[in-house]
Student: 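Quick one: structure below, then a few questions.
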Amino acid sequence: LSSEANTPTEVDFGDAVTVYVGETAILADEAFTPPESAENYTHQGWVCDGVDQAPGDGITIEPGDEGNEITCTIENTRKTVDVVLQKTWEYGQVGDTASLGIASLESQMQTAATSTVLTGAASEPDTSNQAILTAYSGEVIELTETLSPDGSLYNTELSCDGLLNPDPLAATSGSFTVPADLAGTPAPETPITCTFTNTRKSATLRLAKSWVNAFVGDKVDAYTTGLGNYATLLSEADTPTEIDYGDAISVYVGETAVLSDERFDPFSAAENYTDEGWVCDGVDQVPGDGITIDPGDEGNLITCTIENTRKQAELSLQKEWVDATANDTADLEASGEQENDPENTGQSRSTATGLPGSEIDETNVVTITAYAGEKVALSEILNRPDYYDAVLVCEDSVNEASDGGDGTGELLIDASDQDASILCTFTNTRKSRGLSIQKTWINAIVGDVVDITAEASLESGEGSSEAVAVDQGP
């Protein structure tokens, strides 16, 4: 007997031969080509329909077989096993679907099922929507899935139990050959279960705050919406210029993060800063309508930064002398509230020339950068403060200067002073008094005349007078 299976189910016969009563026929074991195919079948052994129906030790031709055709048959039944294809979602986007399919290239049989993301949980196995196909030992089974609406959101891994390694492991399709040791007749109760695991591609996102010339102690907070997680930022300016970061969170491809406006504490501090808006370094760099996490962001850290630069103005402090004494001096100083900022403080010395009237010293001027919301302290120290009256006036600023009247004062810089050139002036006017000279005569000669002259020296600050009497007769 030489038999080839041309169809899945058939009976093949060898040529009939003449045998004689009393002969014993030894039936050989069947030999498969290729030999390894034998393990794919169950083997029932030989069954004969003559008088001797126990062919284990050969069949003996009996007188009762005379004239009959004896047929000895060996039956091989292909082993089978159920193949189950199911789905596990990891951080799936709710509503996404996967069409699962199992197909046999040999039998042309196929089956399908559809799995849908319901919760978006970290792990969401779907054991309710399974594709199931009865497969035969030794045949190649193909497994497929089609993701909708966008398969690029996911990384895919295919695995099968029973120590099977479908090829390839990381793709939306794979195949394996049904091993004989997992199949049987009838099919074993334990199926071969294969699982497509789709893990949503992810990145990390954090919010950042950049302070430039901030008022120490100002605070902001911000947050995101539209994500499964929430990114938050709480930033306090501990130094004038710094960058603070919120905690990084996991985000998933296809999500859109809407970035909130920042909120200042105190609220009024917001007007003291320029607002450059959010800037993100992911694939989507236009966050005005939210940033969408792109497949190109997978595995990356996305940082969205909002920068606030404190509004500033230029403030100059100068000196005006009025009828000053030559070489009198005034040490001028303007100082803001920024720590360790050399541009926020300055000093200069002005020296009077002694010219009469008003003299503005445009050479020895203090110029600093002043920031919105701060009070700039303005002062002068005179070498002879008792000799002068002092007045402080600031021009081109929203607020008026507060004048202490003693060579001190301050100016509150308003947000509307941004980019202004503010000029403050200490005016020192030499103190003066009226001087009257009178003459008293006692027993004078009528007609006598006295000329009295009083002179004062601006340079020395000391006065002198002299009197001349002219005697005239009565």
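Please read all numbers here as calculations on a predicted model, not as lab measurements.
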Student: Is the count of non-hydrogen atoms from other residues, nucleotides or ligands lying under 6.0 Å from D281 atom CG greater than 12?
Tutor: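 Enclosed.
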Student: Spell out, as yes or no, whether a donor-acceptor pair under 3.5 Å connects the side chain of T241 to the backbone of N213.
Tutor: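 Side chain of T241 to backbone of N213: a pair is present.
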Student: Check each of V366, T427, V365 against Q318 using the side-chain contact (heavy atoms from CB on, under 4.5 Å) test, and report the only one that passes.
Tutor: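 Going through the options one by one, the only one that passes is V365.
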Student: For L153, run the side-chain contact (heavy atoms from CB on, under 4.5 Å) check against Q93, E255, K201 and tell me which one passes.
Tutor: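 That would be Q93; it is the only one of Q93, E255, K201 passing the side-chain contact (heavy atoms from CB on, under 4.5 Å) with L153.
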Student: Which residues pass the side chain to side chain contact (heavy atoms under 4.5 Å, CB included) test with D403, not counting sequence neighbours?
Tutor: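 For D403 the side chain to side chain contact (heavy atoms under 4.5 Å, CB included) partners, ignoring immediate neighbours, are V391, L392.
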Student: Determine whether more than 12 heavy atoms belonging to other residues, nucleotides or ligands lie under 6.0 Å from atom CG of D181.
Tutor: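 Yes, enclosed.
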Student: State whether the side chain of N229 and the backbone N or O of S250 hold a donor-acceptor pair below 3.5 Å, judged by distance alone.
Tutor: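 Side chain of N229 to backbone of S250: a pair is present.
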Student: I'd like to know if the side chain of K79 and the backbone of G138 have a donor-acceptor N/O pair within less than 3.5 Å.
Tutor: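 Such a contact is absent between K79 side chain and G138 backbone.
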Student: Looking only at side-chain N and O atoms, does E374 offer a donor or acceptor that is under 3.5 Å from a partner on N344?
Tutor: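 Looking only at side-chain atoms, E374 and N344 do form a donor-acceptor pair, the distance falling under 3.5 Å.
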Student: Nearest 0.5 Å, please: how far is OG1 in T144 from CZ in F196?
Tutor: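 With rounding to 0.5 Å, CZ (F196) is 6.5 Å from OG1 (T144).
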Student: Check whether any side-chain N or O of S348 sits under 3.5 Å from a backbone N or O of L332 as a donor-acceptor pair, and report yes or no.
Tutor: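 Side chain of S348 to backbone of L332, a donor-acceptor pair under 3.5 Å: no, none is there.
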Student: Step by step, would you call T256 with T292 a side-chain hydrogen bond (donor to acceptor under 3.5 Å, both in side chains)?
Tutor: CA-CA 4 Å; T256 296; T292 298; 3.0 Å; yes
Student: I need the I413 CD1 to S397 OG distance, nearest 0.5 Å.
Tutor: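 Reported to 0.5 Å precision, the distance equals 7.0 Å.
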Student: Are S152 and D150 linked by a side-chain donor-acceptor pair shorter than 3.5 Å?
Tutor: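 Yes, because at least one side-chain N or O of S152 sits under 3.5 Å from a partner of the opposite role on D150.
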Student: With rounding to the nearest 0.5 angstrom, report the CD to CG distance, E124 to L118.
Tutor: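 Rounded to the nearest 0.5 Å, the CD-CG separation comes to 5.0 Å.
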Student: Of all residues at least two apart in sequence or in a different chain, which pass the side chain to side chain contact (heavy atoms under 4.5 Å, CB included) check with T97?
Tutor: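 Scan of T97 (side chain to side chain contact (heavy atoms under 4.5 Å, CB included), adjacent residues dropped) gives T114, T116, S148.
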Student: Taking atom CZ as the centre, does F32 end up with more than 12 heavy-atom neighbours from other residues, nucleotides or ligands that are less than 6.0 angstrom away?
Tutor: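 Yes, enclosed.
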Student: Can you confirm whether the side chains of T329 and T351 place a donor and an acceptor under 3.5 Å from each other?
Tutor: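 No, no side-chain donor-acceptor contact under 3.5 Å.
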Student: Give a yes or no on this: more than 12 heavy atoms of other residues, nucleotides or ligands lie within 6.0 Å of atom CG of D12.
Tutor: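 More than 12 heavy atoms, drawn from other residues, nucleotides or ligands, come within 6.0 Å of this atom.
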Student: Just checking, is any N or O donor in the side chain of S350 or N364 under 3.5 Å from an acceptor N or O on the other one?
Tutor: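 Judged by distance alone, the side chains do not pair up.
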Student: For E362, does the CD atom sit with more than 12 other heavy atoms under 6.0 Å from it, leaving out its own atoms?
Tutor: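 Count not over threshold, so no.
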Student: Using atom types as modelled and distance alone, determine if a side-chain donor or acceptor of Q338 lies under 3.5 Å from a backbone N or O of A214.
Tutor: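 Such a contact is found between Q338 side chain and A214 backbone.
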Student: If you measure from OH on Y230 to CG on L205, what distance do you get to the nearest 0.5 Å?
Tutor: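 Atom-to-atom, Y230:OH and L205:CG are 13.5 Å apart.
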Student: Quick one: does K431's side chain have a donor or acceptor within less than 3.5 Å of a partner on D386's backbone?
Tutor: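 Side chain of K431 to backbone of D386, a donor-acceptor pair under 3.5 Å: yes, one is there.
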Student: Are the side chain of D331 and the backbone N or O of Q347 linked by a donor-acceptor pair below 3.5 Å?
Tutor: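 No, D331 side chain to Q347 backbone: no donor-acceptor pair under 3.5 Å.
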Student: If we ignore angles and hydrogens, is there a donor and acceptor under 3.5 Å between the side chains of S316 and T367?
Tutor: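 S316 vs T367: donor-acceptor pair found between side chains.
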Student: Can any side-chain N or O of N76 pair as donor or acceptor with the backbone N or O of H43 at less than 3.5 Å?
Tutor: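 The answer is no, because no donor-acceptor pair under 3.5 Å joins these two groups.
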Student: Looking at L301, I want to see if its CG is surrounded by more than 12 non-hydrogen atoms of other residues, nucleotides or ligands under 6.0 Å.
Tutor: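 Yes, enclosed.
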Student: Listed by chain and number, what are the side chain to side chain contact (heavy atoms under 4.5 Å, CB included) partners of L234, not counting sequence neighbours?
Tutor: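 Scan of L234 (side chain to side chain contact (heavy atoms under 4.5 Å, CB included), adjacent residues dropped) gives D221.
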Student: Check whether Y91 forms a cation-pi arrangement with R200 (NZ or CZ under 6.0 Å from the six-membered ring centre, at most 45° off the ring normal).
Tutor: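 No, R200 and Y91 do not form such a contact.
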Student: Using a distance-only test with no angle check, is there a side-chain donor-acceptor pair under 3.5 angstrom linking S115 and W89?
Tutor: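 Present: a donor and an acceptor within the cut-off.
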Student: Treating E337 as the side-chain partner and K375 as the backbone partner, does any N or O pair qualify as donor plus acceptor under 3.5 Å?
Tutor: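 Side chain of E337 to backbone of K375, a donor-acceptor pair under 3.5 Å: yes, one is there.
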Student: Are more than 12 heavy atoms, taken from residues, nucleotides or ligands other than D406, located less than 6.0 Å from that residue's CG atom?
Tutor: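 Check passes, neighbour count above 12.
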Student: With a 6.0 Å cut-off (strictly less than), is the heavy-atom count around CD of E400, excluding the residue itself, greater than 12?
Tutor: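 Check fails, neighbour count at 12 or below.
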Student: Would you confirm whether N399, through its side chain, and L412, through its main-chain N or O, come within 3.5 Å as a donor-acceptor pair?
Tutor: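 Side chain of N399 to backbone of L412, a donor-acceptor pair under 3.5 Å: yes, one is there.
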Student: By the definition side-chain contact (heavy atoms from CB on, under 4.5 Å), identify the one residue from N155, I293, V283 that meets it with E298.
Tutor: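 Among N155, I293, V283, the one meeting side-chain contact (heavy atoms from CB on, under 4.5 Å) with E298 is N155.
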Student: If you measure from CH2 on W278 to CD on E262, what distance do you get to the nearest 0.5 Å?
Tutor: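 Here the interatomic distance stands at 7.0 Å.
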Student: What distance do T80 atom OG1 and R78 atom CZ have between them, rounded to the nearest 0.5 Å?
Tutor: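 Reported to 0.5 Å precision, the distance equals 10.0 Å.
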